Amino acid sequence: MKKCFFATLLSVFALIAAAAEYEMVFESSKPGSIFNCGEDMTFTAQLLINGKVAENSVVEYVLYHNGQKVREGKQQISEKQLTVTTKLDKPGWAHIYCTFKDARGKVYRRPVLWRGKKEMRNVSGGIGGMVEPHKIDIAIKEPADFDEFWGNIRKNVLAQPIKELEKIDITPAEQKKNFVVYDMKVNCISNRPVSGYLVIPKNAQPKSLPAIVSFHGAGFRSSAMQFGYAGKGMIAFDVNAHGIPNGKSKEFYLDIRKQIGKECGGRYNHSGKEDREKYFYKNVYMRVIRALQYVKSLPEWDGENLIIVGGSQGGAQAIVAAALDPDVTLCRAMVPAMSDHSGCFAGRQSGWPRVYQDLKDKAEVEKAVKTMAYYDDVFFGRRIKCPIYTCTGFIDTVCSPTSVYAFYNNLPATTFKSMTTTPTAPHTAKEKYFSKALDDYLAGIKKQKAAK
């Protein structure tokens with residue numbers, strides 16, 4: 001009886017804790033959290049529970065400079081908020097990360113919606129700031145034959161006649177009135193075909209629609225049916241990053257992950273980094289080139305408007321697409337990966353996937369540096385001519401904000417560029433200007449057509 005009573009009591013306490021509303025309040029001493037070299041940067045943190053300052057609570061924090069731990073500590077935060085002050089003497093990035101606990105030292109937990117499912121997560125977060133980010137630049141030189149290398153790859157991809165290896169109508173019943181959806185596989189000289197879901201507004205006339213191509217972040221998953229974009233009057237092609245089958249079970253993609261891991265001898269994003277011809281992303285980027293070529297071959301494409309979107313690893317693919325295909329007219333690359341690989345040589349945290357972190361031999365490092373120069377967003381970015389929208393969060397330890405700024409700062413002066421910064425955002429930072437820009441862009445297309 002006692003065991004049942006205590007179990008029930010613990011369940012009640014758990015429900016009460018889960019029902020509590022936690023609000024983390026972070027502030028920076030400067031609006032936008034952009035500072036000058038040598039200037040004090042002050043960050044504060046407080047926790048509210050059900051709208052009131054948390055009583056008998058403790059915050060544990062870690063202070064980082066350019067991704068490296070500087071100091072850590074903890075403090076009770078009833079009425080007194082946590083205050084941390086630091087500074088940097090050269091352009092870079094600093095942030096704090098906090099975990100909130102009760103008087104017993106137990107971490108507060110709360111439900112969070114992640115990819116359509118609720119998960120219990122620690123009540124934790126942080127805030128960061130940038131120091132003269134407009135001065136952040138890449139630490140290595142651009143390869144003299146960068147254009148020749150990628151020009152030859154693109155030429156070889158485009159030279160192969162397009163063949164639809166698979167085209168299966170998978171239109172959901174509730175969407176049949178408005179769209180046609182295909183599960184596509186298109187041939188490519190890469191190790192796997194282009195794989196994705198293609199959504200076309202129903203009864204579209206030849207040469208009538210702009211097209212949008214979306215690319216995936218890291219991991220292994222199915223393509224998605226982009227009805228939101230197609231509903232705006234566009235051909236929407238969502239490309240699977242690895243050229244693998246779509247619409248399969250979670251277990252299927254776990255098995256694929258293991259399989260590709262074995263093929264690569266470990267982390268796929270590090271595979272082949274000793275040779276520019278063997279690096280994993282050569283195949284990924286060939287599929288990017290092919291995906292755009294395929295979309296442009298569709299009879300419904302208007303021949304003028306090609307839009308590219310992606311985030312993280314997908315952001316890198318979007319950047320490559322905009323750099324290598326002159327037909328791209330608008331691009332959004334959120335929290336892009338594959339940028340500033342050599343930032344570590346300038347005292348910064350390199351961008352994902354930090355390919356040098358497991359190398360100790362000097363010769364191996366030198367080989368990797370040579371390879372990764374051909375796969376750095378910074379050098380692709382220098383070739384982008386279309387308007388581009390990007391973003392970063394100042395507590396993003398996956399694709400560090402310094403790596404995003406290294407890319408952003410190297411975009412041509414003649415290219416329109418937009419950066420959204422969020423001091424409290426991790427790798428889930430959002431870009432806030434593209435949506436309106438896209439609507440304005442599409443409205444402009446309609447206006448032009450009406451005038452003809």
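It should be emphasised that the depicted structure is a prediction, and the values quoted were computed from it without experimental measurement.
- A salt bridge links E132 with K135: at least one charged nitrogen is closer than 4.0 Å to a carboxylate oxygen.
- Across all their heavy atoms, A368 and Y356 have their closest contact at CB-CE2, 3.6 Å.
- Under the 4.5 Å side-chain criterion, counting only non-hydrogen atoms from C-beta, S312 is in contact with C399.
- Within the structure, every pair that satisfies the salt bridge (charged side-chain N to carboxylate O under 4.0 Å, His left out) test and touches residues 66-75, not counting sequence neighbours, is listed here: K69-E72.
- Considering only residues two or more places apart in sequence or on other chains, T42 meets the side chain to side chain donor-acceptor pair (under 3.5 Å) condition with T85.
- Here the side chains of L63 and H65 are in contact, with some heavy-atom distance below 4.5 Å.
- In this structure, S223 contributes its side chain and N240 its backbone to a donor-acceptor pair below 3.5 Å.
- Crowding of K449 atom NZ: a count of heavy atoms from other residues, nucleotides or ligands under 6.0 Å exceeding 12.
- Partners of K296 by salt bridge (charged side-chain N to carboxylate O under 4.0 Å, His left out), not counting sequence neighbours, listed by chain and number: D325, D327.
- Distance CD/E364 to NZ/K360: 11.0 Å, rounded to 0.5 Å.
- The distance from the CG atom of N409 to the OG1 atom of T402 is 11.0 Å, given to the nearest 0.5 Å.
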Contacts under 3.5 angstrom, residues 372-387 side chains, donor-acceptor by atom type, not counting sequence neighbours:
from, atom 1, to, atom 2, distance (Å)
Y374, OH, D145, OD1, 2.5
Y374, OH, R276, NH1, 3.0
Y375, OH, R276, O, 2.6
D376, OD1, D340, N, 2.9
D376, OD1, V378, N, 3.0
D376, OD2, D340, N, 3.2
D376, OD2, H341, N, 3.0
R382, NE, N410, OD1, 3.0
R382, NH1, E142, OE1, 3.0
R382, NH2, N410, OD1, 3.0
R383, NE, D147, OD1, 2.5
R383, NH1, E142, OE1, 3.4
R383, NH1, F379, O, 2.7
R383, NH2, E142, OE2, 2.5
R383, NH2, D147, OD1, 3.4
R383, NH2, D147, OD2, 3.2

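- Crowding of K417 atom NZ: a count of heavy atoms from other residues, nucleotides or ligands under 6.0 Å exceeding 12.
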**Asked** Checking side chain to side chain contact (heavy atoms under 4.5 Å, CB included) for the pair W301/L209: CA distance, chi angles, key distance, verdict?
**Response** CA-CA 5 Å; W301 185 53; L209 301 177; over 6 Å; no

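- Sorted by first then second residue, the ring pair (Phe, Tyr, Trp, His ring centres under 6.0 Å) pairs that include residues 408-440, not counting sequence neighbours, are Y389-F416, Y389-F434.
- Nearest heavy atoms, Q317 versus A241: NE2-CB, 4.2 Å.
- Here the side chains of I388 and R332 are not in contact, with every heavy-atom distance at 4.5 Å or above.
- For the residue pair S214/D238, the side-chain donor-acceptor check at 3.5 Å is satisfied.
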Report the C-alpha distance between S28 and S33 in whole Å, list the side-chain angles of each, state the deciding distance to 0.1 Å, and finish with yes or no for side chain to side chain donor-acceptor pair (under 3.5 Å).
CA-CA 6 Å; S28 170; S33 212; 2.9 Å; yes

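- Under the rule for a salt bridge (charged side-chain N to carboxylate O under 4.0 Å, His left out), E366 has no partner lying at least two apart in sequence or in another chain.
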Query - Check against side chain to side chain contact (heavy atoms under 4.5 Å, CB included), F407 and I138 - result: CA-CA 8 Å; F407 154 72; I138 196 164; over 6 Å; no

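- Closest approach of S350 and S342 over heavy atoms only: OG-C, 4.1 Å.
- A 4.5 Å side-chain heavy-atom check between V186 and Q293 finds every atom pair outside the cut-off.
- In terms of heavy-atom proximity, S222 sits nearest to H216 at O-CE1, 3.1 Å.
- Atom CZ of F394 and atom CD1 of I127 lie 9.5 Å apart (nearest 0.5 Å).
- Between V295 and L292 the shortest side-chain heavy-atom distance does not fall below 4.5 Å.
- Annotation: side chain of R287 is in contact with side chain of V194 (closest heavy-atom distance under 4.5 Å).
- Expressed to the nearest 0.5 Å, how far CG of D396 lies from OG1 of T421 amounts to 12.5 Å.
- Taking the side chain to side chain donor-acceptor pair (under 3.5 Å) definition, one finds that Y108 meets it with S57, sequence neighbours left out.
- To the nearest 0.5 Å, atom CD of residue E431 and atom CE of residue M334 are 7.5 Å apart.
- Other residues, nucleotides and ligands place more than 12 heavy atoms under 6.0 Å from the CD atom of Q357.
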**Asked** Would V70 and Y64 satisfy side chain to side chain contact (heavy atoms under 4.5 Å, CB included), going step by step from the backbone distance to the final call?
**Response** CA-CA 5 Å; V70 175; Y64 298 89; 5.7 Å; no

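- Here H242 pairs with F220, Y268, F280 under the ring-ring contact (aromatic ring centres under 6.0 Å, His included) rule; sequence neighbours left out.
- Of all heavy-atom pairs between K248 and P245, the closest is CE-CB, 3.9 Å.
- With a 4.5 Å cut-off on side-chain heavy atoms, L82 and C98 count as touching.
- Shown here are the salt bridge (charged side-chain N to carboxylate O under 4.0 Å, His left out) partners of K30, two or more places apart in sequence or in another chain: E39.
- Summarising the geometry of A333 relative to G315, their closest heavy-atom pair is CB-O, 3.5 Å, with the distance given to 0.1 Å.
- Residue pairs meeting the ring pair (Phe, Tyr, Trp, His ring centres under 6.0 Å) criterion with at least one member in residues 27-61, sequence neighbours excluded, do not occur.
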Would I189 and N156 count as a side chain to side chain contact (heavy atoms under 4.5 Å, CB included) if you check the C-alpha gap in whole Å, the side-chain angles of each, and the deciding distance to 0.1 Å? CA-CA 8 Å; I189 61 173; N156 292 335; 3.9 Å; yes

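- Annotation: side chain to side chain donor-acceptor pair (under 3.5 Å) contacts involving residues 92-103, sequence neighbours excluded, comprise E60-K101, Y97-S124, D102-R104.
- The side-chain heavy atoms of L330 and I308, taken from C-beta on, include no pair separated by under 4.5 Å.
- The distance from atom CD of Q160 to atom SG of C188, rounded to the nearest 0.5 Å, is 7.0 Å.
- R192 has a carboxylate O that lies under 4.0 Å from a charged side-chain N of E263, or vice versa, which qualifies the two as a salt bridge.
- Every residue meeting the salt bridge (charged side-chain N to carboxylate O under 4.0 Å, His left out) condition with K232, not counting sequence neighbours, appears here in chain and number order: D439.
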Q.
Run Y281 and N269 through side chain to side chain donor-acceptor pair (under 3.5 Å) and show every step you take.
A. CA-CA 7 Å; Y281 281 89; N269 45 43; 5.0 Å; no

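- For E21 and N50, the side-chain atoms include no donor-acceptor pair closer than 3.5 Å.
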